[in-house]
Every structure is written in C-alpha cells, then in structure tokens.
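Chain A is the first sequence line, chain B the second, and so forth, proteins listed ahead of strands; every chain is numbered from 1. Only this structure's heavy atoms are used, side chains among them; waters, hydrogens and symmetry mates stay out.
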There are 2 protein chains.
Amino acid sequence: MGKLKVYADRMSQPSRAVLIFCRFNGIDFEEIKVDISKRHHLSPEFREVNPLQKVPAIVHGSFNLSESHAILVYLASAFPGIADHWYPSDIFRRAKINLVLDWHHSNLRHGAVNYVLDTVLGPATGRPLNPKAASEAEKVLLSSLTKLEYIWLNGEGCFLLGGSQPSIADLSMVCELMQLEVLDEKDRSRILSPYKKVLQWIEDTRTATNPYFEEVHNILYRAKKKFEQQRSRAAETENEPSNKMDGHSKM
Amino acid sequence: MGKLKVYADRMSQPSRAVLIFCRFNGIDFEEIKVDISKRHHLSPEFREVNPLQKVPAIVHGSFNLSESHAILVYLASAFPGIADHWYPSDIFRRAKINLVLDWHHSNLRHGAVNYVLDTVLGPATGRPLNPKAASEAEKVLLSSLTKLEYIWLNGEGCFLLGGSQPSIADLSMVCELMQLEVLDEKDRSRILSPYKKVLQWIEDTRTATNPYFEEVHNILYRAKKKFEQQRSRAAETENEPSNKMDGHSKM
C-alpha cells in the first residue's frame, strides 16, 4: 500500500483526532502539514489530495479519503492489530458508535465550532463579533453537552455508551471539546463546569491516550496562552488613565 | 430478534430513506407513525424509544437506534440477503460511502433543510420569513450541488462514486433533495436545473427503487399541491381590486 500520509493542521480538532489515533496505535505514517491560516488547503496540490479542500485527509497508496470519522473507521479496519474497542466489530455496539458519530456533526460540532468562532477565533482573524450567532451556537453547545452528560455518559464505564475503553467516538468528540481551551477561562468554566461527567470523560480520554494526546494538543495550549495574553493586554489598555474619559481637565 | 419497528414521519426525508430501504429490500417491519406536526416525537412514550426525540428511529428486539445513516448501515448488515451495492463490504468502497454520508450532514442536509425551512415550511408554520438565513442556506445548498455534480457524480456509472447500482448514500441524499419539491416550481427549477447530472441521478435513483420510492413520497406530492394552491390563492387575493391601493377614488 505504501506508507500512510496524513494531511493535517493540528489547529483543527478532527485533524488532532486522526493524529492521536495513528500515534497511539503505532501506525507508521507521515504527517504533512496543511496550514489553514496560510490557505494551503486551497492550493492546487492539496486539491489533488482532497477535492473538498478540507483537513484532515489521508493518502494510502493510490487510495485517498477525507472526513475524520470516515478516516478513523477506515484506519481501524485497514490496519492490523488495532484493538476492537476503538470500533467494535459487534454489530450492535458498532451501530451505537455510528449513531453517536452521526449525531456529532449537527450537534456538538456545530455548537462548539460556531461558539469558538463567534467569540474568539472570528474576532482574532478580523471577522466582526456576532453576539446573536454566538448565543445561538451556545444553545446548541449546551444542549449537546446535556445529551452527553445524561444520555451517553450514563453507562457503567467511564467512556461513551458505557464503554470501559475509548472508541473513535470518544476521541473525536473529546478533541472537539478541547477547542474550548481557547475561550476566556471564566467563559469555558461557565459552559463546562455544570457537566461533571463530561469533565471527567475529557480527563479519562486524555489519560487513556497519553502521551500522544498532550503532544498533539501542544499547539492548542500555545494558542490558549496567546489569546490569554491578548485579553490581558486589552484589559490593561482599557485601565490606563490616558484611555479613560478624563480628558476634560486637560483641555 | 422480534419484528423490526420503524418509527417514522413520512414528511421527514431521513424517515423516507429508511422506509424505502426496508420496503425495497423486503424487510418485514412495522411502520409506526410519529407525527412531528402534532409533536408526537416529544411524547414520553417516544422518548423511551429514542431519547434524542427525533425520527427516524428503530426498535429491533431489545435494541434501539436512531440517526438515519446509522440505521441504514445497521439494516444493511443485520438483515441477510441485502445486496452488497447498498453498503459494499469492500473496505475502500465502504470508506468512500462513509465519507459521502459524513459530508451530507454539514453540507447538503444543512443547505437543503434550512433553505426549505426559510422559504416555505417556516412561513407555513407561522415562523417569520428570514431572507438572510434563506440566502445563506442557498449558498450551502448550491455549493453542495456543485460538489455532487462535479466530484461524486463524475464517475462511469449513474450513481455516486461511479456506482452502477445505488448505495445507501444515493438513497439518503436523493431523499434529501426530494424535499425541494415543496418549493415554488420556478424556484426549484432555478436551483436544480444547472445540475444536469444531479437531475438525472434523482431520476435514476427513483427508477431503481420504484414502486417504493413513489409510494413513500406520495405524502410529499400532496404537500407540494397544498403549497401550490396556497401560493395561487395568495396571488389571486393580491390581484383582487379591493386589495389594491385604489381606495382613494371611493373616499
């Protein structure tokens, strides 16, 4: 087949899920960086790899594939020795994992991506703040967290659907939630803290896939610091006397 | 396992896809109507069937499942004698079908559902018209149709990914597009007519799954007629002299 090539931007949460899966499972692969901030995903070269122009994408011999869930399912089936818990061969457990992965698209992903975009990433890239869109995204995000907490983390084990070991759905959705790291810490805590099982599940998935989980998320922690510094600089500037409405006495 | 129960509202396009699949493949099942317009999906009884409170959902013995793609994959695997083309066992073809199904969620479904909601169904159910949302949904819909026409219907056969027979992805996405039937005919034609392969693919999928395709879509054709009559009545009312701004001469 030739060595697997994974086209990824570690700032993208589905890219991180695929990279962690490959690293954890000892898959021999080459990571090829596609820098979205430099619009490399729109290049003619990458279009040959993925006509949809999105990361992650893989090339395995003459076979190419995109969409992170489809990639994770393919990798779990194509590479020998991947433990069954990642994508169980039992038809009923597999069907439930497919259900959770399908649900992810229009619920958790939709809510989390748009909330982060409309509160932090959008303004950072020059897109105007949109409080109405942020509030709508927050509703979808909170509703998704409620379903995770009370439906899918309601089983015996500490992973989704009562699993005692993580599946590709755990990895995919925890990576989705990790992007909330770039929010203001108070805001992140306001959103996540009511969901105790979700918080524990993030930690359990991190522990189960370390050291690869932390290694692949390092870029996100650096971005978190950068946004924190920007926020504290902005707050300082607001507090400087010259920026206060005290100009009258000098006139 | 006990007889399969399919909880569906034929006005929902993923419900129709599951029903057509079952009928075409001779699966012995009981259809249980969940009338969304009467909010039956929010009843305590249905919550037991599907805690996500959405149709379609199935119960098969003690096993329950929702999300139409997950259901179609399950049925293709759980019932003996389903032809391989519906969900190929070949790992590479299966991966590509998974990719198209994943793509469906945030692209074709997102565009088509919101466009129909913001132009026809919303106003019909008292939701105010939202031209900005309709225009955004139209962009997603047209971009999705372009990808279908130039990427996934670009193969040798007349179905997605060059297939000579339909897969669950063909059925799922053609059912999605069928909801455009309720649009004003001029608007539907404006949107679909540039996409010749898409139009042919809708016909080919209809032909390949008839008479079940037409049988299950009958409810949609009736809704189409109802909306057409409403539109022509509204147009007549507008043209009546008493509704024109000609009141001045009578005063």
Highest number of heavy-atom pairs under 4.5 Å with chain A among B:V100, B:I91, B:I97, B:N98 belongs to B:I91
Greatest number of heavy atom pairs closer than 4.5 Å to chain A - which of B:V73, B:L65, B:L52, B:I151: B:L52
Given that the side chain runs from C-beta out, which part of A:F63 has a heavy atom under 4.5 Å from chain B: side chain, backbone, both or neither? side chain
Quick one: [atom1] on [X] to [atom2] on [Y], what's the gap to the nearest 0.5 Å?
{"X": "B:F92", "Y": "A:S62", "atom1": "CZ", "atom2": "OG", "result": "7.5 Å"}
{"X": "A:H69", "Y": "B:L101", "atom1": "NE2", "atom2": "CG", "result": "13.0 Å"}
{"X": "B:S106", "Y": "A:H104", "atom1": "OG", "atom2": "NE2", "result": "9.0 Å"}

Within 6.0 angstrom of A:E30 CD, more than 12 heavy atoms from elsewhere: yes
Measure across A:L99 and B:S66 and return the closest heavy-atom pair with its distance rounded to 0.1 Å. CD1-OG, 3.4 Å
Closest non-hydrogen contact found for B:A70 with A:A95 is CB-O, 4.0 Å
What part of B:H60 lies closer than 4.5 angstrom to a heavy atom of chain A: side chain, backbone, both or neither? neither
Between B:Y74 and A:K96, is there a cation-pi geometry (under 6.0 Å to ring centre, at most 45° from the normal)? no
Heavy-atom pairs under 4.5 Å with chain B, option from A:R109, A:E67, A:K147, A:H110 with the top count: A:E67
Modelled atom types, side-chain donor and acceptor of A:H105 and B:D102, under 3.5 Å: yes
